[in-house]
Amino acid sequence: MTSDRTVSFTQMKDGTKDDYLLLEELEKPYLGLTADRVLDELRRQGEATLEGYRITRLQHGLQSATRAETDGADIDWIVGALLHDVGDGLAPQNHDRFSAEVIRPFVRWEVAWVVEHHGIFQMLYYGHHYGWDRNARDRFKDHPCFQSCADFCERWDQSSFDPDYPMKPLAHFEPMVRDVFARQAYDPAVIREGEVIGLP
Ligand SMILES: [Fe+2]
Ligand SMILES: [Fe+2]
């Protein structure tokens, strides 16, 4: 608690209008720091990470984002690629959906859908080694985002475990993350629900 102003209540149901106006005022700077908290989580993924891979989770995100940018993708795709596994720390069993929720208010609908479903699409590349259905993604074959998700996984996700790939540093992507998280949440002009552009 850094503010010396606090509400009067100990139960939410007892709060007054002034209490809630105070909370609204104090929430604004907090929301403004979302990008910083997300970037902190990415940096943490450069230290505590999944064992066995040849690169850290942070490097995997950087590599995905570098590939997206190199391919000429828009800022939504680049930030989506950077953050597509950001949920691995707190939600390793459903990291795809967790990561999608982090970016959903601020990126195109297509990008959020692809991040949300990339886990099942990625199974194409390894599911058979565990006796799973590697084609589980086919349940989405009629979805308008199917090809975008298939392409995202093929070109930017499954390919991005290479310690020798010249990935850009996090500092390069920080302004893009800040720009995206500075957008008005759920702005229909940003979300563009139903619009599918595909990968460049
Ligand atoms: Fe993932
Ligand atoms: Fe990934």
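For the numbers below, each heavy atom of this structure counts, side chains included, while hydrogens, waters and symmetry mates do not. In each ligand, atom 1 is the first atom listed, and ligand 1 is the first ligand listed. A quick note: this is a predicted structure, and the numbers were derived from the prediction, not measured.
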More than 12 heavy atoms of other residues, nucleotides or ligands under 6.0 Å from CD of E195: yes or no?
yes
With under 30° as parallel and over 60° as perpendicular, where do the rings of H84 and H60 fit, or are they tilted in between?
perpendicular
I'd like to know if the side chain of Y125 pairs up with that of E154 as donor and acceptor (distance under 3.5 Å, no hydrogens or angles considered).
yes
Would you list the protein N, O or S atoms within less than 2.8 Å of the Fe ion (ligand 1), leaving out water?
D85 OD1, H95 NE2, H118 NE2
Clusters formed by hydrophobic residues whose side-chain heavy atoms approach within less than 4.5 Å: which one holds Y30, and what are its other members?
none
Pair W113 and H143, ring centroids less than 6.0 Å apart:
yes
If you measure only the distance, is there a donor-acceptor pair under 3.5 Å linking the side chains of W77 and D71?
no
